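Comments concern the structure below.
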Amino acid sequence: MPKKSLEILTESMFYVLMALNAGPKCGADAAAFIQRKTEGRLRLGPATLYAILAKFEKERYIEELSAQGRKRTYQITGLGAEAYREEIDRLSRCLADARSEGGFVE
């Protein structure tokens, strides 16, 4: 059976949804949120960020709220919030598997 589009999110995609789940943002604000949240571990360049935003908009995970010149503000949709929660659940199961195999020490 073929995978549905965006069944598993990349780390960058996950953090973009996290940023928008925290509230509407333009691309620059989302990138700053991600850099702060990850303490600089993940930095999204404009090409990567805007490719993700375009894909999410096409899949209806996000929607544009406003546009002022080139600045576009986006918000997460119900479908995007569901995908974000599903990815959190998937990652939680991955960590539980690692713990059960002794591969994760707390």
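Keep in mind that this is a model prediction, so the values were computed, not measured.
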Mind checking side chain to side chain donor-acceptor pair (under 3.5 Å) for [X] and listing every partner two or more places apart, or none if nothing turns up?
{"X": "Gln35", "result": "none"}
{"X": "Arg60", "result": "none"}
{"X": "Glu57", "result": "none"}

Which residue, Asp29, Thr77, Ile76, forms the side chain to side chain contact (heavy atoms under 4.5 Å, CB included) with Leu20? Ile76
Nearest atoms (heavy-atom pairs only) where [X] meets [Y]:
{"X": "Ala19", "Y": "Ile34", "result": "CB-CG1, 4.4 Å"}
{"X": "Ala31", "Y": "Leu44", "result": "CB-O, 4.5 Å"}
{"X": "Leu9", "Y": "Met13", "result": "CB-CB, 4.0 Å"}
{"X": "Phe33", "Y": "Ala22", "result": "CE1-CB, 4.0 Å"}
{"X": "Leu42", "Y": "Ser12", "result": "CD1-OG, 3.9 Å"}
{"X": "Leu65", "Y": "Pro24", "result": "CD1-CB, 3.5 Å"}

Who pairs with [X] by side chain to side chain contact (heavy atoms under 4.5 Å, CB included), at least two apart in sequence or on another chain?
{"X": "Arg70", "value": "none"}
{"X": "Ala83", "value": "Leu17, Tyr61"}
{"X": "Ala67", "value": "Glu64, Arg72"}
{"X": "Arg85", "value": "Ala81, Glu82"}

Using residues 89-98 as the side-chain source, report each donor-acceptor pair under 3.5 Å to any protein atom, sequence neighbours left out, with the distance given to one decimal.
unit_1: Arg90; atom_1: NE; unit_2: Glu87; atom_2: OE1; d: 3.1
unit_1: Arg90; atom_1: NE; unit_2: Glu87; atom_2: OE2; d: 3.3
unit_1: Arg90; atom_1: NH2; unit_2: Glu87; atom_2: OE2; d: 2.7
unit_1: Ser92; atom_1: OG; unit_2: Ile88; atom_2: O; d: 2.9
unit_1: Arg93; atom_1: NH1; unit_2: Asp89; atom_2: O; d: 3.4

OG1 of Thr73 to CD of Gln68, rounded to nearest 0.5 Å, is 6.5 Å
Quick note, ring-ring contact (aromatic ring centres under 6.0 Å, His included) partners involving residues 72-96, not counting sequence neighbours, are Phe14-Tyr84
Mind checking what makes salt bridge (charged side-chain N to carboxylate O under 4.0 Å, His left out) contact with Arg43, not counting sequence neighbours? none
side-chain hydrogen bond (donor to acceptor under 3.5 Å, both in side chains) contacts touching residues 14-28 (sequence neighbours left out): Tyr15-Arg41
